[in-house]
Amino acid sequence: MNAIVDISRLSARYGRTTALDDVSLQIDKGELFGVIGPDGAGKSTLYKILATLMPPVSGGASVCGLDIVKDYRDVRSRIGYMPERFSLYKDLSVQENLKFFAALFGASVRKNYDLIAPIFRQLERFPDRKAGALSGGMKQKLALSCALIHRPEILLLDEPTTGVDAVSRSEFWEILRSLKNQGITILVSTSYMDEANLCQRIAMIDRGRILGTDTPARLVDRLGERLFAARADNMFRLLEELRRLPQVKECYTFGATLHVVVSDDFDPQQAARIMENCGLKDVDITPAKGTIEDLFIKLTANEH
């Protein structure tokens with residue numbers, strides 16, 4: 001195992017609120033690793049600690065073999081950090097922001113430009129535009145360029161695609177794959193469950209606790225339960241009626257359908273007839289394939 005980030009029994013609190021509870025993780029060098037969880041799960045707190053912006057209450061972590069508390073200055077030179085909120089200087093231009101962050105690390109824009117060129121190319125058309133006047137996707141690219149300008153070994157990206165359109169999200173993940181191929185280790189957090197499948201491995205987190213860590217495919221295999229997708233003319237009524245069936249363990253909304261977790265004696269045709277007898281129309285209950293979101297719902301239900 002070649003862990004470039006080693007987190008051991010890390011805990012953090014805000015007053016009486018526990019943000020991280022005994023978190024342990026190891027991320028390998030060159031890995032694209034995802035931290036997946038809802039808002040308030042503890043993702044941002046974890047990233048702030050790894051970026052040496054706040055100390056843990058207990059436990060510890062090392063980055064590139066350096067202790068995040070004792071060696072915080074050296075750690076900062078090894079990482080590129082992109083926080084959830086746009087943190088660049090809005091009154092500075094695109095070019096001024098890039099030069100400023102390069103200067104902070106004693107780096108040269110010209111020397112390191114090859115690393116950010118594929119990202120920065122769209123911004124070159126308006127170098128004098130104020131950062132605050134950029135679109136969401138362009139702000140994202142500028143922030144990433146500033147995080148990369150000193151050639152960090154590790155990128156910490158805290159919910160980088162929040163509030164960004166679908167096209168920009170897709171482009172951003174293409175950029176991450178390219179950076180990974182150049183040997184940069186990437187830790188990206190997200191509340192979008194569909195982005196989990198774009199990572200090599202993920203850690204699922206909720207209420208400050210790690211629920212599971214593995215590849216997305218292996219985690220989904222842990223579901224181990226029968227799952228169906230259900231539709232009808234009245235989806236809310238369908239949800240209520242399905243939850244009354246003794247063979248139904250869980251029933252929840254999933255996009256335009258309901259996902260129904262059932263016991264082995266569940267008969268979808270019989271269930272459809274029962275729904276129709278309740279007055280529902282166009283009832284359709286078919287087998288479904290589990291996803292990371294289904295697993296997350298199961299794990300959080302067990303935790304709570």
Side-chain angles (χ1 to χ4, degrees), residues 1-14 19-35 37 41-89 97-109 111-112 115-116 119 142-160 175-176 179-180 182-190 199-203 205 208 210 213:
M1 188 170 180
N2 189 19
I4 194 170
V5 177
D6 191 354
I7 302 166
S8 179
R9 308 200 67 176
L10 203 65
S11 294
R13 295 186 184 89
Y14 297 102
L20 293 176
D21 188 1
D22 203 34
V23 169
S24 293
L25 286 173
Q26 288 76 42
I27 292 90
D28 294 343
K29 185 175 182 180
E31 191 171 23
L32 176 49
F33 190 94
V35 181
K43 303 186 298 297
S44 294
T45 299
L46 177 62
Y47 277 53
K48 287 177 183 177
I49 291 174
L50 291 178
T52 74
L53 298 179
M54 65 177 287
V57 170
S58 61
S62 64
V63 174
C64 301
L66 301 167
D67 185 272
I68 58 168
V69 176
K70 296 178 182 177
D71 307 313
Y72 73 94
R73 291 185 185 276
D74 290 331
V75 169
R76 289 176 182 178
S77 68
R78 306 289 187 95
I79 64 172
Y81 175 49
M82 185 173 162
E84 180 180 3
R85 295 180 182 274
F86 183 66
S87 60
L88 304 186
Y89 291 94
N97 266 290
L98 192 62
K99 289 181 178 179
F100 174 77
F101 280 91
L104 281 180
F105 291 96
S108 165
V109 174
K111 182 179 179 181
N112 295 329
L115 182 62
I116 67 167
I119 311 164
L142 179 58
L144 182 57
S145 296
C146 291
L148 284 168
I149 197 59
H150 62 296
R151 288 188 180 273
E153 296 178 50
I154 300 173
L155 264 181
L156 301 175
L157 308 176
D158 189 8
E159 304 221 33
I175 291 169
L176 295 191
L179 292 172
K180 177 195 172 301
Q182 296 182 59
I184 297 176
T185 304
I186 303 171
L187 279 74
V188 56
S189 70
T190 180
C199 302
Q200 290 174 274
R201 287 194 306 137
I202 61 172
I205 186 171
I210 300 296
T213 304

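This structure is a prediction, so every number in the text was calculated from the model and none was measured. Reckoned from all heavy atoms, side chains included, excluding hydrogens, waters and symmetry mates.
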**OP:** Specify the closest pair of heavy atoms between S77 and H150, including all atoms of both residues, with the distance to one decimal.
**Re:** O-CD2, 3.5 Å
Subject >> Heavy-atom side-chain proximity of L157 to L176 below 4.5 angstrom >> reply: yes
**OP:** Enter the distance from N97:CG to Y89:OH here, rounded to the nearest 0.5 Å.
**Re:** 8.5 Å
Subject >> Test log, rule side chain to side chain contact (heavy atoms under 4.5 Å, CB included), inputs R76 and Y81 >> reply: CA-CA 9 Å; R76 289 176 182 178; Y81 175 49; over 6 Å; no
Subject >> Straight-line distance of S58 OG to L10 CG, nearest 0.5 Å >> reply: 7.0 Å
Subject >> Backbone of R9 reached by a side-chain donor or acceptor of S24 within 3.5 Å >> reply: yes
**OP:** Examine distances only and state if a side-chain atom of T52 and a backbone atom of I68 form a donor-acceptor pair shorter than 3.5 Å.
**Re:** no
**OP:** Please round to the nearest 0.5 Å and tell me the distance separating atom CG of L142 and atom CG of L88.
**Re:** 5.0 Å
Original post:
When rounded to the nearest 0.5 angstrom, what distance separates CD in Q26 from CD1 in I7?
Top reply: 8.0 Å
**OP:** Please name the pair of heavy atoms, one in V35 and one in K43, separated by the smallest distance, quoted to 0.1 Å.
**Re:** O-CD, 3.5 Å
Original post:
Out of curiosity, I175 CD1 to I116 CD1, how far, rounded to the nearest 0.5 Å?
Top reply: 11.0 Å
Subject >> Minimum side-chain heavy-atom gap I154-V63 below 4.5 Å >> reply: yes
Subject >> Contact check, side chains of P152 and L148, non-hydrogen atoms, under 4.5 Å >> reply: yes
Subject >> Exercise: identify the closest heavy-atom pair between V109 and A102 >> reply: CG2-CB, 3.8 Å
Original post:
What are the two closest non-hydrogen atoms of V69 and D67, and how far apart are they?
Top reply: N-OD1, 2.8 Å
**OP:** Let me see the working for F33 and L25 under side chain to side chain contact (heavy atoms under 4.5 Å, CB included), right down to the final yes or no.
**Re:** CA-CA 11 Å; F33 190 94; L25 286 173; 4.1 Å; yes
Original post:
Any sub-3.5 Å donor-acceptor pair from T185's side-chain atoms to G30's backbone N or O?
Top reply: yes
Original post:
How long is the gap from CG on L144 to CD1 on I119, to the nearest 0.5 Å?
Top reply: 4.0 Å
Original post:
So, Y47 side chain and V188 main chain: donor-acceptor pair closer than 3.5 Å or not?
Top reply: yes
Original post:
What are the two closest non-hydrogen atoms of Y14 and T45, and how far apart are they?
Top reply: OH-OG1, 2.9 Å
Original post:
Do D21 side-chain atoms and G208 backbone N/O form a donor-acceptor pair below 3.5 Å?
Top reply: no
Original post:
Between the side chains of S189 and D158, does any donor sit under 3.5 Å from an acceptor?
Top reply: yes
Subject >> Closest non-hydrogen atom pair between S11 and D22, with its separation >> reply: OG-N, 3.0 Å
**OP:** From the options Q200, R201, K180, select the one residue that forms a side chain to side chain donor-acceptor pair (under 3.5 Å) with E31.
**Re:** R201
